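Here the structure is laid out as structure tokens; the discussion comes afterwards.
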Amino acid sequence: MERTVFFLDQKEMPSRWYNILPDLPEPLPPYISPATGKLATPQELSRIFPMELIKQEMSNEQYIDIPEEIQAIYRTWRPSGLHRAFQLEKALDTPAKIFYKYEGSSPAGSHKGNTAVAQAYYNKKEGIKRIATETGAGQWGSALSYSCAMFGIECKVYMVKVSYNQKPYRRILMETWGAKCVPSPSTDTKAGRDALAKDPLSGGSLGLAISEAVEDAVTHEGTHYSLGSVLNHVILHQTIIGQEAQKQMEMAGYYPDIVIGCVGGGSNFGGIANPFLKDKISGKHKNLRCIAVEPMACPSLTKGLYAFDYGDVAGMAPICKMYTLGHDFMPAPVHAGGLRYHGMSPLVSALYHHKLIEARAVFQIPTFEAGVLFARTEGILPAPESNHAIRVAIDEALTAKKEGKSKIILFNLSGHGHFDLASYDAYHQGKLEDYEYPIEGVKEAQKTLPKVSL
Ligand SMILES: *Cc1c(COP(=O)(O)O)cnc(C)c1O
């Protein structure tokens, strides 16, 4: 009898995060302060982040211990299962072996809890009483609301207005965990009021909601800001996924040829890929391929510019070098709300720039086709974001079939889609559209980049 799920004992849960920064071929370009145009100092960053996270952001330690208080909460749902997709393989009639790491078993239903818990912990330790953040479709907001509840911290969430209006269930989840959630643009901040003055009907964007949350943090005593993706410390916290997957793949008796993850800000991809990339960089598994998958409607890696850009609309967040579509990018209304950020993590951007990883952009409708096939074979209903990873896993399995090769494919199933049923409904009714980001948009974006002289 062959096993379909590989579980680790709780005492085998990794007790350290893996930091890829010291293993990069070149140091990451620094963060720039939007206020001074010069290098952002830890002191500046400490107005919005706890010092422990700032240290992690710039750390040159290869491993960082996970405090026991964080491990205790991780153990609520970790180690997560690694599944062999036998049913999917059979449906595809492929010689490839497909594995997936399932991160939907966390309380808020995605990988985001891995960093939310850690961030709430370090803020609590520094005496912070309140955290402000933004959320798109609500996955990050709900993960942070849950984590703040675990540590007794107040949580204020600026939720992109279109999602606030169209997707009430995650807001209700946040409120149930005790958070306060308002639609962005809101009247609670200057950034929000300015946006409303320009366009009273604005549906908002992630970049704008970030501006509101950062402004909230700097204008409220005892308040910090928290970001659910993009930054190095976020990806660091997600590396528990890849480290567990390494042990579980070993239990299964295989090493992956291809590791796949969807990318919004890059954290679940970095989380699963980085521990494996360590083996690629060291030469132990030189031929390993890692593929980051993004929507055609928001193709930062495949069509964006590698340049210094603002992390938000109002230019309050640190400027960093990343693949970007321009900070005032307004995404098409694709259903994978978590993949609509204008930029990409500086770390994942650097991995791509150094050709350590590949990137692929996919249309929305084929991702739902893949997600539905996955649900009908493996049973789990994936988040629309995760469907992007599934699409490419299936495509790679079909390529393996054509070539008659038995490839080992591992992908990250970043979350479940139980709050995204309206999107599945739209797909079933044939109401989804495919959007392709126009290349002219990139030229426009070029004009809005901040001037940085180092
Ligand atoms: C937020 C989210 C993503 C995208 O964010 P990354 O930081 O790129 O991982 C992907 N999948 C799910 C389920 C999400 O909630």
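Keep in mind that the numbers below use all heavy atoms, side chains included, and drop hydrogens, waters and symmetry copies. As the structure is a prediction and not an experimental result, all values here were calculated from the model. Just so you know, ligand 1 is whichever comes first in the structure, and atom 1 is the first atom listed for that ligand.
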Residue [X] vicinity, atoms of ligand 1 by number, heavy atom under 4.0 Å:
{"X": "E385", "value": "10 (C), 11 (N), 12 (C)"}
{"X": "S414", "value": "10 (C), 11 (N), 12 (C), 13 (C)"}
{"X": "L339", "value": "4 (C)"}
{"X": "A383", "value": "13 (C)"}
{"X": "S229", "value": "6 (P), 7 (O)"}
{"X": "V263", "value": "8 (O)"}
{"X": "G266", "value": "6 (P), 7 (O), 8 (O)"}
{"X": "G415", "value": "13 (C)"}

Practice task
Would you please indicate yes or no on a ring centroid separation below 6.0 angstrom for Y437 and F329?
Solution key: yes
Handout entry: Close aromatic pair by centroid cut-off 6.0 Å: F363 and Y435
Key = no
Whether the side chain of [X] engages the backbone of [Y] through a donor-acceptor N/O pair (distance < 3.5 Å, no angle test) should be reported.
{"X": "K124", "Y": "F151", "value": "yes"}
{"X": "D309", "Y": "H327", "value": "yes"}
{"X": "E57", "Y": "N232", "value": "yes"}
{"X": "Y255", "Y": "L288", "value": "no"}

Practice task
Would you check whether F269 has a nitrogen or oxygen atom less than 3.5 angstrom from a nitrogen or oxygen atom of ligand 1?
Solution key: no
Exercise for the section: Would you check the N or O atoms of C262, main chain and side chain alike, for any that come under 3.5 Å of an N or O of ligand 1? Expected result: no
Problem - Protein heavy atom at shortest distance from atom 4 (C) of ligand 1 - result: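 Of the protein heavy atoms, G338 O, 3.4 Å lies nearest.
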Practice task
Answer whether the closest heavy-atom distance between the side chains of E134 and M159 falls below 4.5 Å.
Solution key: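 Contact flag for E134/M159 side chains = no.
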Problem - Proximity to ligand 1 by part of K112, non-hydrogen separation under 4.0 Å - result: side chain
Handout entry: Ring-face cation contact, F6 with R84, 6.0 Å cut, 45° max
Key = no
Practice task
Determine, for K180 against E154, whether the closest basic-nitrogen to carboxylate-oxygen distance falls under 4.0 angstrom.
Solution key: no
Exercise for the section: Using non-hydrogen atoms of the residue, decide whether H111 is closer than 4.0 angstrom to ligand 1. Expected result: yes
